[in-house]
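A short worksheet on the structure shown next.
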Amino acid sequence: MARQKQEASATLDQAACAPEWTDILRQMILIRRFEEATEREFRRGKIGGYLHVYSGQEAVVSGVISALGKDDAVFTGYRDHAHALALGADPKRVMAELFGKAAGVSKGKGGSMHLFDVEHGFYGGYGIVGGHVTLAAGAAYALRYRGTDRIVVCYFGDGAMNIGSFHEAMNMAGLWGKDGMCPILFIIENNGYAMGTSVERHSALTDLAARVRAYNIQAEKADGQDLFAIRGVADRAVRQVRESGKPYCIEAVTYRFSGHGAADILQPYRSKDEVEEHKHRDPIVILRTRLSEMCGLGDNDVKKMEDEAAQRVAEAVKFAEESPAPEPDELYRDVVAE
Amino acid sequence: MARQKQEASATLDQAACAPEWTDILRQMILIRRFEEATEREFRRGKIGGYLHVYSGQEAVVSGVISALGKDDAVFTGYRDHAHALALGADPKRVMAELFGKAAGVSKGKGGSMHLFDVEHGFYGGYGIVGGHVTLAAGAAYALRYRGTDRIVVCYFGDGAMNIGSFHEAMNMAGLWGKDGMCPILFIIENNGYAMGTSVERHSALTDLAARVRAYNIQAEKADGQDLFAIRGVADRAVRQVRESGKPYCIEAVTYRFSGHGAADILQPYRSKDEVEEHKHRDPIVILRTRLSEMCGLGDNDVKKMEDEAAQRVAEAVKFAEESPAPEPDELYRDVVAE
Amino acid sequence: MAEKSYRDAIRDAMMEEMDRDPNVLIMGEDIGVYEGTFRITAGMLKKYGPKRVIDTPIAEAGMAGTAVGMAMFGLRPVVEMMTMNFAIVAADQILNHAAKVRYFSGGQVDVPMVIRGPQGAGVQLSAQHSQSFESFYAHFPGIKVAAPGTPADAKGLLKTAIRGRDPVIFLESAALYGMKGQVPDDPDFTVPFGQSRVAREGTDVTIVSYSRMLQMSLQAAERLSKEESIEAEVIDLRTLRPLDLEPAIESVRKTHRCVAVQEQWKPFGAAAEIAASITEAAFDDLDAPVERVTGEDVPMPYARNLELLATPHEEHVIEAVKRVMYRS
Amino acid sequence: MAEKSYRDAIRDAMMEEMDRDPNVLIMGEDIGVYEGTFRITAGMLKKYGPKRVIDTPIAEAGMAGTAVGMAMFGLRPVVEMMTMNFAIVAADQILNHAAKVRYFSGGQVDVPMVIRGPQGAGVQLSAQHSQSFESFYAHFPGIKVAAPGTPADAKGLLKTAIRGRDPVIFLESAALYGMKGQVPDDPDFTVPFGQSRVAREGTDVTIVSYSRMLQMSLQAAERLSKEESIEAEVIDLRTLRPLDLEPAIESVRKTHRCVAVQEQWKPFGAAAEIAASITEAAFDDLDAPVERVTGEDVPMPYARNLELLATPHEEHVIEAVKRVMYRS
Ligand SMILES: Cc1ncc(C[n+]2csc(CCOP(=O)(O)OP(=O)(O)O)c2C)c(N)n1
Ligand SMILES: Cc1ncc(C[n+]2csc(CCOP(=O)(O)OP(=O)(O)O)c2C)c(N)n1
Ligand SMILES: [Mg+2]
Ligand SMILES: [Mg+2]
């Protein structure tokens with residue numbers, strides 16, 4: 001699904017049954033199937049390093065990214081497969097990256113934590129928690145400085161808000177915003193946990209949006225499981241950021257269904273019940289139900305989407321598996337400009 | 001002037017004319033004269049490195065430190081002479097430190113930015129803006145962990161609030177405070193500027209106390225030029241911190257009369273008029289006037305204080321000048337434990 | 001003596017010291033409820049409670065900085081960095097504060113603290129998560145730097161670190177966590193800092209190393225013995241600051257040839273200091289320049305084949321030995 | 001050619017590049033309204049306006065990190081660190097981000113940015129404010145490190161840095177700001193990275209250095225010539241990464257003796273790399289081990305007499321030269 005131009009982005013009430021919504025559901029299903037495949041391939045030893053999947057949080061990516069214009073730029077952390085896919089990266093090349101192959105989006109040099117696809121507006125994929133937030137603020141300044149109306153979207157987790165560079169970035173964004181020089185939309189992916197530490201245990205103030213307001217940045221909470229809710233807020237926020245050049249923040253309240261990473265099997269920090277309960281608010285089910293109730297989306301349509309997703313993911317795995325590894329001299333390339 | 005035991009600390013209405021207030025005035029006058037001397041000695045080339053004086057801000061130090069118990073501990077930045085003196089450090093040894101002499105409080109190894117006098121509860125004296133705040137939070141944890149009722153006071157400037165480690169410290173203090181494990185009183189010395197950058201230009205949100213509340217820490221503003229005002233808030237805050245083990249923050253609104261450091265001659269960031277205007281609210285004059293109006297403090301009494309201060313400072317300079325430099329082998333001492 | 005893994009040796013050291021001294025506490029990300037990403041601290045929250053096993057927010061500067069403050073007030077905090085890569089975030093607290101506060105206070109405070117955690121490459125963690133930091137830290141006076149290569153040293157050095165009065169950067173090799181070895185049971189078994197040891201005796205060449213590269217060097221030495229009849233003497237530095245090169249220099253006086261092995265980038269790496277210092281001390285004894293075996297000078301790539309090319313292997317040590325013996 | 005101070009050379013380089021390319025901007029603490037603590041940027045806010053001369057909060061990580069983001073989007077930010085000591089606060093943004101994003105993105109982005117500022121000891125700024133960081137940064141692939149020792153190189157290297165496509169750590173010597181020298185007027189005068197030069201010709205010994213230590217070495221060389229009839233060849237490295245040791249090695253082949261001079265602590269310092277690499281390349285030509293002249297291995301003390309003892313001086317170079325010539 002291609003990203004909408006901002007001008008085209010349908011408001012919810014105008015076009016609640018526009019084909020766009022079906023496309024978004026298709027995207028979310030693809031992301032879920034993709035993530036499931038990565039977990040399988042990790043266990044098969046085809047994927048190395050760390051692996052952090054997005055299952056459960058899909059609406060936070062699809063709801064915001066579908067509201068963007070095609071020239072906007074996205075930054076996020078290491079839990080980044082969904083962002084790449086939603087921006088239009090080829091699933092084959094994303095999977096190839098996870099397999100460490102030359103055809104990967106980052107030539108096999110970045111891996112799961114460092115997906116990049118600049119052509120589609122994806123600027124990574126960073127492994128130091130919160131470390132990318134300063135970069136994203138600078139990118140926003142650059143876009144305005146160069147006279148464009150592009151904006152930056154910067155995703156980060158609840159846990160990332162506690163690192164010092166986050167604070168420095170937010171204060172600078174708040175300051176630059178006063179001069180209309182920081183068109184950036186911050187998205188807190190508040191999934192309740194930083195690895196095994198719950199928000200209550202890692203954040204002195206648990207109202208995360210309120211913390212962002214301490215930087216003179218407008219911030220609001222949104223239901224991160226409900227695509228329509230998050231998209232509604234995102235449409236407004238994107239427009240405002242683009243017009244004002246000021247930062248804005250959405251705290252998307254969501255939940256991760258899988259472990260923190262592939263190694264997080266025991267999950268001693270949360271109960272099975274808690275996870276099950278949250279699975280009742282699966283963003284894909286919520287959107288699907290809504291579209292079937294309101295727009296007559298049929299089981300058959302969904303089945304087709306599922307099949308299509310399964311097939312695309314299978315193709316991606318096959319492609320990744322059969323792709324060649326990077327040439328040895330790739331080792332020395334891209335260290336500095338040649 | 002020795003520090004009051006907490007139990008003894010007079011409340012303002014009870015004992016507005018208690019001898020304590022005269023002692024505090026005497027202390028503030030000493031600090032002012034001391035700072036003037038350091039500026040002179042710097043120009044004479046007797047003091048090297050950077051020199052940051054406290055003139056204009058004395059009530060912020062004297063008002064809080066006089067509210068402490070004798071076992072409490074104080075941390076601050078590089079603008080630290082006043083803190084050392086108020087805690088009871090010998091002016092001779094403080095001046096000797098500035099002269100780089102062996103008799104200096106830090107053996108001549110620290111200089112102006114790194115005064116330490118652990119015996120009097122002074123734990124420094126740090127040169128990286130905001131860098132000491134994490135240390136102070138850890139110190140507070142240690143004091144509670146060891147079962148004492150000592151508290152920590154941590155001073156920092158308005159500009160220090162923008163550095164990342166400050167943020168990490170505040171969040172951790174807020175969290176530890178929930179368990180009563182962080183008895184620390186933060187004092188923002190909001191003198192309106194970080195070097196040449198005004199609060200409006202360095203802080204996205206200019207209400208600094210509000211920024212601290214984002215860490216779930218109680219914070220209030222106080223008039224940093226009015227000794228009684230700041231002491232009143234400090235008495236309450238110290239008691240609360242000691243009882244609760246929770247952090248508390250006072251934003252002391254103050255002004256620095258001198259340049260940022262000895263090299264800040266031109267001061268292009270503020271007008272002479274602005275400085276003159278603020279000098280009308282000299283904390284020493286305010287306290288002196290109050291004590292003469294309310295408690296009959298006479299011009300003669302003040303004259304005596306002035307003379308005494310001048311003499312003590314002159315003695316300090318003489319002592320510093322005549323003291324020997326550190327022995328060469330001091331170079332290798334105190335790198336690690338011997 | 002008991003057979004223990006490197007991981008358990010570290011764990012035992014911490015628990016024994018916590019049992020011995022109530023002022024020892026540990027802090028870090030996900031060391032409590034989550035039980036540690038490498039499970040070094042598993043069960044410790046339950047045993048010692050949340051005041052002594054502190055789960056922190058993601059705030060490395062906060063962790064390191066508060067530990068300095070705790071240490072100044074008589075505690076002995078042990079900070080676990082989830083991996084040492086994240087400690088860069090705390091570089092200012094470590095290098096400008098922990099390392100200097102004793103000095104600029106004129107010796108008025110002790111700073112007994114340990115920052116420990118795994119480092120090194122080998123499991124496709126790519127550029128931000130695969131680094132080694134010996135030379136990064138060991139350049140700075142005021143801190144001590146340990147890099148144990150065996151379970152016994154891991155335990156003995158960590159106990160020395162915890163009992164000491166100075167900040168210690170304790171660099172563990174993630175790749176060695178599973179490695180087993182004999183570890184003394186004596187609860188007062190410690191290994192002093194600044195005391196290198198001969199890990200393998202030999203007559204023909206001196207290999208100087210530490211941490212995981214020590215194990216690799218020992219394996220290379222066995223192969224050299226078998227395949228080339230070269231008997232390498234292998235020196236284990238154990239700590240990089242203080243750095244004891246005496247045993248290495250003594251060995252070189254005998255073997256006349258030396259290879260220094262480190263995992264990280266060659267330029268300005270640890271092996272440069274080793275090579276330069278040994279050459280200064282034993283120039284006339286050397287029959288060949290000290291060779292350095294190091295990782296490739298690139299950020300660590302993700303792809304498995306590239307990662308293998310980027311890191312040093314036994315073969316590299318063997319080739320370097322042959323070169324200094326003019327056998328290649 | 002015109003006579004310029006090192007300070008003005010840096011200033012000219014920035015202004016010429018700002019005039020030439022609207023994508024060049026500068027940011028830092030108190031560089032605008034306050035006009036810079038070292039007055040390098042005096043008048044620039046007025047000339048270029050607040051969008052190109054950005055006064056930042058005290059937020060080194062923010063400065064360095066936002067610069068990376070700007071650079072990825074086509075700007076060429078020049079970040080002034082008030083002193084390089086404060087850049088440690090930004091170590092993660094520099095070492096884990098600026099240095100690596102090109103690599104882990106598979107080359108999808110350029111990162112044309114400069115982090116510049118003064119460093120070094122000498123005016124009693126004590127332990128937290130007197131450090132030098134060559135080896136700290138030059139260990140890491142993905143960044144470049146310059147340390148000019150003359151006004152001409154300060155200008156030429158900075159212009160190369162600003163025009164380049166990679167992050168550059170540009171280490172200025174605070175002690176050299178007032179130093180004058182001839183600087184070419186040509187607005188396209190640049191000095192390439194990785195090209196060391198012979199700063200003084202000589203036949204008897206090779207002295208290798210950079211930045212302020214270059215000037216000290218040159219003075220020592222003059223005294224050696226006059227007082228000892230020793231003609232030292234002095235090599236100016238100019239950049240530490242890339243590091244060009246060819247002229248030094250060539251010189252050593254002729255002189256057979258070498259002294260490496262750096263201001264900072266000896267262990268794991270820059271001179272170790274210089275000594276090790278030269279020894280590797282020219283072992284058979286050396287008549288003595290490479291000597292290192294360095295600062296003392298202690299945090300910088302405040303007291304003037306101690307500071308003088310802690311830093312290297314001409315005499316140390318002269319003594320080292322005599323030692324490698326077996327004249328002491
Ligand atoms: C500076 C730093 N410290 C620690 C880590 C290890 N780590 C990786 S992810 C993570 C948890 C992050 O939580 P959050 O920001 O909430 O994002 P989520 O994983 O929930 O999406 C931690 C501690 C790291 N990568 N970087
Ligand atoms: C991390 C860091 N950056 C920059 C500096 C240089 N510097 C010293 S003091 C200062 C201003 C601090 O302002 P503020 O915190 O308001 O304290 P004040 O000087 O007003 O008391 C700056 C920028 C430093 N010492 N440390
Ligand atoms: Mg989270
Ligand atoms: Mg201030």
Side-chain angles (χ1 to χ4, degrees), chain A residues 128-135 137 140-141 156 158-182 184 186 188 194 197-219 245-249 251, chain B residues 128-135 137 140-141 156 158-182 184 186 188 194 197-219 245-249 251:
Chain A
I128 305 296
V129 168
H132 62 292
V133 184
T134 55
L135 275 61
Y141 190 95
F156 50 83
D158 46 283
M161 295 179 65
N162 302 320
I163 197 110
S165 62
F166 168 83
H167 171 73
E168 301 192 8
M170 296 311 267
N171 187 45
M172 288 173 77
L175 282 167
W176 290 347
K178 290 190 192 172
D179 303 317
M181 289 298 288
C182 204
I184 186 165
F186 294 113
I188 309 173
T197 309
S198 65
V199 172
E200 295 70 36
R201 298 182 66 243
H202 72 60
S203 183
L205 194 75
T206 52
D207 182 346
L208 304 184
R211 287 181 65 179
V212 172
R213 285 184 212 115
Y215 305 98
N216 211 0
I217 294 174
Q218 247 185 286
K246 288 188 201 310
Y248 196 96
C249 177
E251 178 191 342
Chain B
I128 304 297
V129 169
H132 63 292
V133 184
T134 54
L135 276 61
Y141 190 94
F156 49 83
D158 46 282
M161 295 179 64
N162 302 319
I163 196 105
S165 62
F166 167 83
H167 171 74
E168 301 191 9
M170 296 310 269
N171 187 45
M172 288 172 76
L175 282 167
W176 289 347
K178 289 189 193 172
D179 301 319
M181 289 299 287
C182 204
I184 186 165
F186 295 112
I188 310 175
T197 309
S198 64
V199 171
E200 296 70 36
R201 299 180 68 241
H202 74 59
S203 182
L205 194 74
T206 53
D207 182 345
L208 304 184
R211 286 180 67 179
V212 171
R213 284 184 212 113
Y215 304 98
N216 212 0
I217 294 173
Q218 246 185 288
K246 287 187 201 310
Y248 196 96
C249 177
E251 178 191 345

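What's counted below: heavy atoms across the whole structure, side chains too, no hydrogens, waters or symmetry copies. These figures come from a predicted structure and were not determined experimentally. In what follows, chains carry the letters A, B, and so on, assigned in the order in which the sequence lines appear, proteins first and then strands, with residues in each chain numbered from 1.
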- Least distance between heavy atoms, A/Leu175 atom then B/His202 atom: CD1-O, 3.4 Å
- Query: A/Ala214 and B/Ala214: which non-hydrogen atoms are nearest, and at how many Å?
  - Reply: CB-CB, 3.6 Å
- Task: Could you tell me whether the side chain of A/Glu168 reaches within less than 4.5 Å of the side chain of B/Asn162, counting heavy atoms only?
- Result: no
- Is the closest side-chain heavy-atom distance between B/His167 and A/Arg211 below 4.5 Å? yes
- B/Ile163 portion near chain A, given a 4.5 angstrom heavy-atom threshold: both
- Query: Which answer fits B/Met172, side chain, backbone, both or neither, if we ask what part of it has an atom under 4.5 Å from a heavy atom of chain A?
  - Reply: neither
- Go through A/Gly174, A/Ser203, A/Gly177 and name the one with the most non-hydrogen pairs under 4.5 angstrom from chain B. A/Ser203
